[in-house]
Amino acid sequence: MPRRVSFSEPTKPQSEQMNGPTKATSIKTTAPKCRVTIQRPPATSISTIDNPGLPRGNAAISADKPHGDADWLKRYGEYTPLQQHILFWDRDHDGQIYPWDTYRGFRELGFNILFSILAMLIINLNFSYPTRLAHSFIPDPFFRVYVDSIYKAKHGSDSGTYDSEGRFVPQSFENLFAMYDRDGDGALTFWEVGRLMHGHRCAVDPFGWFAALFEWGTTWLLIQREGRIEKEDLRGVYDGSLFWKVREERLSGSGWKQGFGLGGDGFIGPVKVF
């Protein structure tokens with residue numbers, strides 16, 4: 001009888017079965033008839049990460065930090081990276097982020113009153129109902145965002161670094177820099193971030209375009225240093241650990257010397273103006 005072959009069992013090409021092992025051909029990541037595949041090369045050599053395309057359920061990792069932050073994982077390892085990203089605003093750990101939680105969190109990050117109100121309106125008005133759907137079809141009267149179902153608020157035209165369940169995809173994170181960090185300095189300039197947003201736009205997705213603009217714009221205002229977003233800082237945004245660092249720096253009295261505080265903590269960029 002013929003031997004049963006499992007779909008999970010690798011099989012050799014017919015040429016190898018007949019003629020013995022041959023030298024493996026390299027994987028092609030470009031197509032001559034599609035210029036964008038040449039202009040935006042994916043990260044192809046990530047030797048420090050095992051299975052970089054496999055989404056991580058509780059850690060945001062990078063080639064420079066392949067195991068993430070051990071202390072952070074001890075504290076929040078039971079949450080997905082997308083949940084970790086928003087826990088800064090769930091200060092009482094009740095799994096619900098009220099509009100005033102959003103406002104207070106942005107104020108603690110150094111944003112001024114007007115921007116914090118704007119962020120509160122954008123976030124709670126738009127993301128409350130999608131996360132509410134895991135609990136009820138009835139809209140939440142308090143416009144709360146639910147931490148356990150934040151994956152339902154994932155939108156289009158994003159970077160793809162979170163998957164649809166809120167896990168972190170290392171390959172997608174590394175691709176951001178392989179594709180858009182033109183000078184290879186491990187950081188993204190203002191114009192490189194603009195090209196990144198343009199490159200990830202989905203067709204007929206105005207909500208996703210606006211959401212991406214707000215998210216990347218806010219990230220730029222918070223963490224840019226000398227006109228660049230550094231890779232490790234961005235990783236800290238994805239798992240939320242950097243938000244706590246910003247808060248600690250501000251409470252220490254020295255202020256957060258990155259980004260543009262917009263007057264919220266007396267700094268405009270790295271310069272304290274009042």
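All residue numbers refer to positions in the sequence shown, counting from 1.
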Euclidean distance, Arg40 CZ relative to Leu176 CG, rounded to 0.5 Å:
12.0 Å
Of all heavy-atom pairs between Pro52 and Pro170, which one has the smallest distance, and what is that distance?
O-CD, 3.2 Å
Is there a ring pair (Phe, Tyr, Trp, His ring centres under 6.0 Å) between Tyr162 and Tyr238? Walk through the geometry before answering.
CA-CA 9 Å; Tyr162 299 121; Tyr238 274 106; 5.3 Å; yes
Salt-bridge present (Asp205, Arg201; N to O < 4.0 Å)
no
Lys245 with Glu248: basic N within carboxylate O range, under 4.0 Å:
no
Please lay out, stage by stage, how Thr80 and Phe168 fare under the test side-chain contact (heavy atoms from CB on, under 4.5 Å).
CA-CA 8 Å; Thr80 67; Phe168 185 89; over 6 Å; no
For the atom pair CD (Glu232) and NZ (Lys65), what is the distance rounded to the nearest 0.5 Å?
5.0 Å
Within this structure, what is the CZ-CZ distance for the pair Arg132 and Phe137, rounded to the nearest 0.5 Å?
11.5 Å
Is there a donor-acceptor pair closer than 3.5 Å between any side-chain N or O of Thr131 and the backbone N or O of Ser128?
yes
Got a salt bridge between Glu165 and Arg167, using NZ or NE/NH1/NH2 to carboxylate O under 4.0 Å?
yes
Can a donor-acceptor pair be found between the side chains of Tyr76 and Asn58 at a distance below 3.5 Å?
no
Below 6.0 angstrom between ring centroids: does that apply to His135 and Tyr146?
yes
Do Tyr180 and His200 have their ring centres less than 6.0 Å from each other?
yes
Does the pair Asp71/Arg75 count as a salt bridge with the N-to-O cut at 4.0 Å?
no
Given the ring of Phe88, does Arg91 sit roughly above its face, with NZ or CZ under 6.0 Å from the centre of the six-membered ring and within 45° of the axis?
yes
Could you go through Gln39 and Arg195, starting from their C-alpha distance and side-chain angles, then the distance that decides it, and tell me whether this counts as side-chain contact (heavy atoms from CB on, under 4.5 Å)?
CA-CA 11 Å; Gln39 295 172 335; Arg195 284 191 287 269; over 6 Å; no
Trp89/Tyr98 aromatic ring centres below 6.0 Å:
no
Is it true that a side-chain atom of Thr37 and a backbone atom of Cys34 form a donor plus acceptor pair closer than 3.5 Å?
yes
So Phe127 and Phe207, would you call those rings parallel, tilted or perpendicular, with 30° and 60° as cut-offs?
perpendicular
From Thr30 OG1 over to Ile27 CD1, what is the distance, rounded to the nearest 0.5 angstrom?
12.5 Å
If only side-chain N and O atoms count, and only distance matters, is there a donor-acceptor pair under 3.5 Å linking Asp239 with Ser241?
yes
Which atom of Ala153 lies closest to which atom of Pro130, heavy atoms considered:
CA-CB, 4.2 Å
Pair Asp233, Gln258: side-chain N/O donor-acceptor within cut-off below 3.5 Å
yes
Looking only at heavy atoms, the pair that brings Leu109 and Leu222 closest together is O-CD1, 3.8 Å
Main-chain N/O of Gly105 paired with Glu108 side-chain donor or acceptor, under 3.5 Å:
no
Between atom CZ of Arg107 and atom CD1 of Ile117, what is the distance when rounded to the nearest 0.5 Å?
9.0 Å
Whether the side chain of Gln224 engages the backbone of Phe260 through a donor-acceptor N/O pair (distance < 3.5 Å, no angle test) should be reported.
no
Check whether any side-chain N or O of Asn175 sits under 3.5 Å from a backbone N or O of Ala43 as a donor-acceptor pair, and report yes or no.
yes
Nearest 0.5 Å please: distance from the CG atom of Asp185 over to the CG atom of Asp181.
4.5 Å
Going by atom types only, do Asn124 and Thr102 share a side-chain donor-acceptor pair under 3.5 Å?
yes
Sidechain N-carboxylate O distance under 4.0 Å for Arg225, Glu230:
yes
Please name the pair of heavy atoms, one in Ile61 and one in Gly68, separated by the smallest distance, quoted to 0.1 Å.
CG2-N, 3.5 Å
Using the side-chain contact (heavy atoms from CB on, under 4.5 Å) rule, take Phe106 and Ile123 through it: C-alpha gap first, then chi angles, then the decisive distance, then the call.
CA-CA 11 Å; Phe106 274 87; Ile123 292 171; 3.6 Å; yes
